[in-house]
Amino acid sequence: MTGVPASAAGGSAQASPASQATQASQTSPGSQASQAAPAVGAVVVPSGVTADAAAIADPEGAGRPPRGAKLAAAAVNQASVWNIANLLTMLRLVLVPGFVALMLADGGYDPAWRAFAWAAFAIAMITDLFDGHLARTYNLVTDFGKIADPIADKAIMGAALICLSSLGDLPWWVTIVILARELGITLMRFVVIRYGVIPASRGGKLKTLTQGVAVGMYVLALTGWLATLRWWVMAAAVVLTVVTGLDYVRQAIVLRRQGIAERKAALEETQA
């Protein structure tokens, strides 16, 4: 058997004094202390442990949002109320008293003031076309917008109709029919919302457009054939108002029956 020299055996089993000194100098006391002493209160997780195991080791910290995250989220939600769609709705609400003041200025029969009133009414109707579209397209729907938007719509239209009837330009029965339909359908939507939402129909959108054009023509001091034309446009608006109102009532009845049937079926299934 061939023997191994003692010098070779000694070199492999134990490092030379020079190499030991080099390793000792590379490991400073500060790094040893930082590696040996973990932070106070910290949970020591061995190397190679997965994130799930780390979460089990520190259950209180697992999934916990950073400090101040809830306050930041609340601030974002609060700021989202001041979006472009809601600002347009607020503009319509502000235009209502301005429109009434312009409409009734100088006795309500001055063509110049009526033209300014028409401009305010036109701006309100145009913003009504854009605020809902912007809210749905860019995900700007808020609780404030859901409540304020229909109020602004009814306020500007109601103010115009009442002003026109009080000045003798429009029969009161037209104003009563239109406002009764608008307020009645709005209340009905709130009543049946527990069963579902009644979507706006094409007839309803056409009704809104026709009402806006008809009322706008009555706000202006028109004469001659234009005065005759606005009467026919208003007649069409009244017909659409009544027909679409009856259609919404039909949809509400069907929606309520379906909702009651579904709840009854779910209750029976639960009890079975």
Side-chain angles (χ1 to χ4, degrees), residues 62-65 69-90 92-93 124-158 161 174-212 236-272:
R64 183 170 54 192
K70 293 183 178 180
L71 294 177
V76 170
N77 292 335
Q78 184 66 23
S80 65
V81 175
W82 300 95
N83 57 58
I84 183 63
N86 287 343
L87 290 177
L88 291 176
T89 301
M90 295 176 192
R92 290 211 310 283
L93 291 172
M125 297 305 294
I126 291 173
T127 56
D128 182 31
L129 297 177
F130 285 102
D131 60 353
H133 175 73
L134 290 173
R136 292 185 296 270
T137 302
Y138 298 100
N139 195 23
L140 301 176
V141 179
T142 61
D143 292 336
F144 171 82
K146 294 177 182 178
I147 297 174
D149 182 69
I151 292 177
D153 297 342
K154 306 302 181 291
I156 189 66
M157 183 61 67
L161 291 170
V174 175
T175 297
I176 293 173
V177 168
I178 293 178
L179 292 184
R181 184 270 189 197
E182 299 298 334
L183 295 177
I185 295 301
T186 300
L187 292 176
M188 187 186 65
R189 286 177 182 271
F190 283 111
V191 171
V192 301
I193 196 172
R194 68 183 68 179
Y195 305 110
V197 177
I198 303 176
S201 62
R202 293 183 179 179
K205 295 178 181 179
L206 180 61
K207 178 269 306 178
T208 302
L209 178 61
T210 308
Q211 281 184 359
V238 172
V239 171
L240 288 172
T241 298
V242 175
V243 171
T244 56
L246 294 175
D247 182 63
Y248 279 129
V249 171
R250 180 192 62 81
Q251 293 185 52
I253 294 175
V254 173
L255 186 64
R256 182 176 180 274
R257 288 177 178 175
Q258 291 178 350
I260 293 176
E262 291 176 357
R263 289 187 177 185
K264 185 178 180 180
L267 182 61
E268 293 177 353
E269 183 179 354
T270 303
Q271 294 176 350

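This structure is a prediction, so every number in the text was calculated from the model and none was measured. When reading the values below, keep in mind they use all heavy atoms of this one structure, side chains included, and skip hydrogens, waters and symmetry mates.
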Rounded distance [0.5 Å steps], CZ in R189 versus CG in L255: 11.0 Å

Partner set under side chain to side chain donor-acceptor pair (under 3.5 Å) for T208, not counting sequence neighbours: none

From CG (N139) to OG1 (T137), nearest 0.5 Å: 10.0 Å

Pairwise side chain to side chain donor-acceptor pair (under 3.5 Å) hits with a residue in residues 257-266, at least two apart: none

Test side-chain contact (heavy atoms from CB on, under 4.5 Å) applied to V81 and L140, D143, N86, L87, the passing residue: N86

Note, K205 side chain near L209 side chain (heavy atom, < 4.5 Å): no

Heavy-atom side-chain contact between T186 and F190 under 4.5 Å: yes

Polar side-chain atom of R256 near backbone of Y195 as donor-acceptor pair, under 3.5 Å: no

Between OH on residue Y138 and CG on residue N83, distance to nearest 0.5 Å: 12.5 Å

Side chain to side chain donor-acceptor pair (under 3.5 Å) involving T127 - partner list, sequence neighbours excluded: none

D128: partners by side chain to side chain donor-acceptor pair (under 3.5 Å), with sequence neighbours left out: none

Distance (rounded to the nearest 0.5 Å) between D131 CG and D149 CG: 4.5 Å

Approximate separation, where rounding is to 0.5 Å, of I151 CD1 and I156 CD1: 14.0 Å

Nearest heavy atoms of A252 and M188, plus distance in Å: CB-SD, 3.5 Å

Side chain to side chain, Q211 and M157, heavy atoms closer than 4.5 Å: yes

Ring-face cation of R181 near Y248 (centre distance under 6.0 Å, axis angle within 45°): no

From I198 atom CD1 to R250 atom CZ, the distance as rounded to the nearest 0.5 Å: 10.0 Å

Partner residues of Q251 under the side chain to side chain donor-acceptor pair (under 3.5 Å) criterion, sequence neighbours left out: D247

Set of salt bridge (Lys or Arg N to Asp or Glu O under 4.0 Å) partners for R194, sequence neighbours left out: none

Residue pair K207 / E182, side-chain heavy-atom distance below 4.5 Å: yes

